[in-house]
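Below is one structure; the comments refer to it alone.
Since we're looking at a predicted model, the values are computed, not measured.
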Amino acid sequence: MTKQHKKLQWKNSISTWKLIGICLAAVLLAGGIFFFSYFKVSNVEVMGSSYYSESEVRDMILQGPLAGNTVLAPIFCSTDDTGDIPFVEGFRVKQMNHNTIVISVKEKKPVGCIPYLDSYVYFDRNGVFIESSRDRMEKVPYFQGIQVDKVVKNEKLPIKGTPVLETAVALSTIFQKNDLLPEYIEFDENYQISMIYGDITIKLGENTQLENKMARVFAILPLITGKKGILHVESSDENSKPTFEMEKEEVTAENWTGGYDENGDYTGDGEYDENGKYVGPKPMTELDYALENWVGGYDEEGDYTGWGEYDEYLNYVGSAPTQEELDANGDWHGGYNEYGGYNKTGEYDREGNYVGPKPDSSSGNGNYDDSSSDDGNYDDGYYDDGSYDEGYYGDSYYADESYDDGYYGYE
């Protein structure tokens with residue numbers, strides 16, 4: 001065999017291997033394309049998640065290019081390392097068919113939570129601190145009246161009194177069977193249990209016969225929804241009946257149902273309702289009460305006219321109160337002096353309770369006040385610090401630097 005023939009044979013051999021390599025690469029590429037297209041994740045099912053939505057779980061788990069393949073996702077996405085994801089112990093990903101995977105969420109099971117510092121501490125049925133969060137999970141029973149000195153994650157909470165933990169576990173089991181979870185559950189110093197449902201307080205008493213007590217609560221609660229009061233279910237005796245102590249709503253001018261006379265005719269101020277029931281006289285509105293106790297109504301001569309802008313001591317007090325002025329006071333219900341007279345700036349309400357100064361009003365800062373004091377007496381020029389003013393207004397200069405050479409009030 002000549003040298004030239006051997007060289008030609010070597011070139012043919014190299015070409016053959018190149019062809020084989022190209023064919024293998026093509027097969028692998030085709031196989032890869034088929035593998036990632038045929039086993040592409042197009043459907044995701046989520047099981048066992050009660051705290052997070054399906055989309056939230058998918059975003060947590062299916063990260064990275066391999067998460068889009070139904071064969072590789074179970075291998076690379078199943079994990080027990082949940083990082084800082086609250087209430088989750090782990091995720092398991094399983095292939096259902098060539099384009100569907102199922103994510104199973106293994107959750108921590110809190111039976112209750114308590115406030116601690118600026119967060120909520122969640123514990124399991126063994127009393128172990130399993131999670132903390134600044135956000136309160138509405139599906140977990142919330143307990144007030146439970147004090148702990150410190151908390152350590154994955155350790156048992158130092159809760160004083162075994163009835164607390166027993167009650168939390170028992171109530172959690174009961175609430176899992178229905179959706180009537182209260183706003184919160186409260187323990188008093190004697191471990192007496194109360195549950196709060198809006199304006200309704202349910203007194204359960206001691207941690208005895210909770211199943212029977214709660215069965216009664218769930219039967220009665222829909223009948224008293226919308227009312228205010230206390231439902232007493234303290235007794236565990238099956239022969240005893242729960243009692244509802246309804247809170248009487250204060251009758252105001254807004255909810256008064258009267259206006260009819262004894263004959264059933266509407267007069268506007270009759271003391272009967274439309275059914276002939278006696279409901280008493282119409283309550284006074286805030287404006288009615290303010291006008292009735294208004295300290296003004298006198299003219300400059302001291303004669304009572306009803307609309308004059310002076311009080312009986314000839315102090316200028318302005319015009320009579322209006323509804324617009326009362327509305328502008330917002331939640332502040334003062335304006336009465338200590339003797340019950342309405343002067344718009346008094347620091348008492350109509351019941352005589354001290355409510356403080358009117359918002360944005362200045363008082364006690366040493367400025368001269370030419371109006372009457374709360375007791376109706378005229379201020380003759382003494383300041384809060386005890387100094388005396390002989391009748392001049394400061395140095396006779398106003399805040400805008402204009403000059404006044406007259407006397408102010410007291411001569």
List the steps and the verdict of ring pair (Phe, Tyr, Trp, His ring centres under 6.0 Å) for Phe123 and Phe129. CA-CA 4 Å; Phe123 55 93; Phe129 168 27; 9.6 Å; no
side-chain contact (heavy atoms from CB on, under 4.5 Å) between Val217 and Met195: does it pass, once the steps are laid out? CA-CA 10 Å; Val217 169; Met195 300 189 303; 4.3 Å; yes
Kindly give the heavy-atom pair with the smallest separation between [X] and [Y], and that separation in Å.
X: Val317; Y: Asp311; result: CG2-N, 4.0 Å
X: Tyr278; Y: Pro281; result: OH-CD, 4.0 Å
X: Ile103; Y: Phe91; result: CG2-CD2, 4.2 Å
X: Ala290; Y: Tyr342; result: O-CB, 3.7 Å
X: Ile130; Y: Lys153; result: O-CE, 3.3 Å
X: Pro74; Y: Gln95; result: CG-N, 3.9 Å

Looking at [X] and [Y], would you say the former's side chain and the latter's main chain have a donor-acceptor pair under 3.5 Å?
X: Trp256; Y: Gly280; result: yes
X: Lys213; Y: Thr208; result: yes
X: Asn97; Y: Thr100; result: yes
X: Tyr116; Y: Ser132; result: no
X: Asn353; Y: Asp349; result: no

Is the closest side-chain heavy-atom distance between [X] and [Y] below 4.5 Å?
X: Ile146; Y: Leu157; value: no
X: Val140; Y: Pro110; value: yes
X: Tyr120; Y: Glu131; value: no
X: Phe187; Y: Ile193; value: yes
X: Arg134; Y: Asp118; value: yes
X: Lys282; Y: Asp269; value: no
X: His333; Y: Val355; value: no
X: Ser319; Y: Lys344; value: yes

Working to the nearest 0.5 Å, report the span between [atom1] of [X] and [atom2] of [Y].
X: Asp261; Y: Asn263; atom1: CG; atom2: CG; value: 5.0 Å
X: Ile101; Y: Glu45; atom1: CD1; atom2: CD; value: 10.0 Å
X: Asp199; Y: Thr225; atom1: CG; atom2: OG1; value: 11.0 Å
X: Cys113; Y: Tyr142; atom1: SG; atom2: OH; value: 6.5 Å
X: Phe175; Y: Phe218; atom1: CZ; atom2: CZ; value: 5.0 Å
X: Asn343; Y: Trp294; atom1: CG; atom2: CH2; value: 7.5 Å

With side-chain contact (heavy atoms from CB on, under 4.5 Å) as the test, would you mind laying out the steps for Ile85 and Tyr52 before giving the verdict? CA-CA 10 Å; Ile85 302 176; Tyr52 302 98; 3.9 Å; yes
Should the pair Glu347-Lys358 be classified as a salt bridge under the 4.0 Å nitrogen-to-oxygen rule?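 Lys358 and Glu347: not salt-bridged.
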Salt bridge or not for Asp80 and Arg92, using N-O below 4.0 Å?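 Between Arg92 and Asp80 there is a salt bridge, with a charged N closer than 4.0 Å to a carboxylate O.
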Counting only heavy atoms not in [X] (residues, nucleotides, ligands), do more than 12 fall under 6.0 Å from its [atom1]?
X: Glu351; atom1: CD; value: yes
X: Lys203; atom1: NZ; value: no
X: Glu206; atom1: CD; value: no
X: Met284; atom1: CE; value: yes
X: Arg125; atom1: CZ; value: no

Just by distance, with hydrogens left out, do [X] and [Y] show a side-chain donor and acceptor under 3.5 Å apart?
X: Glu309; Y: Tyr316; value: yes
X: Ser194; Y: Glu186; value: no
X: Thr167; Y: Asn207; value: yes

Name of the residue among Ile196, Leu221, Ile230 meeting side-chain contact (heavy atoms from CB on, under 4.5 Å) with Ile202: Leu221
Does the side-chain contact (heavy atoms from CB on, under 4.5 Å) test come out yes or no for Ile174 and Glu211, once each step is laid out? CA-CA 7 Å; Ile174 294 171; Glu211 285 279 357; 3.7 Å; yes
Intermediate values then yes/no, side-chain contact (heavy atoms from CB on, under 4.5 Å), Leu326 and Asn329: CA-CA 5 Å; Leu326 295 179; Asn329 289 336; 4.2 Å; yes
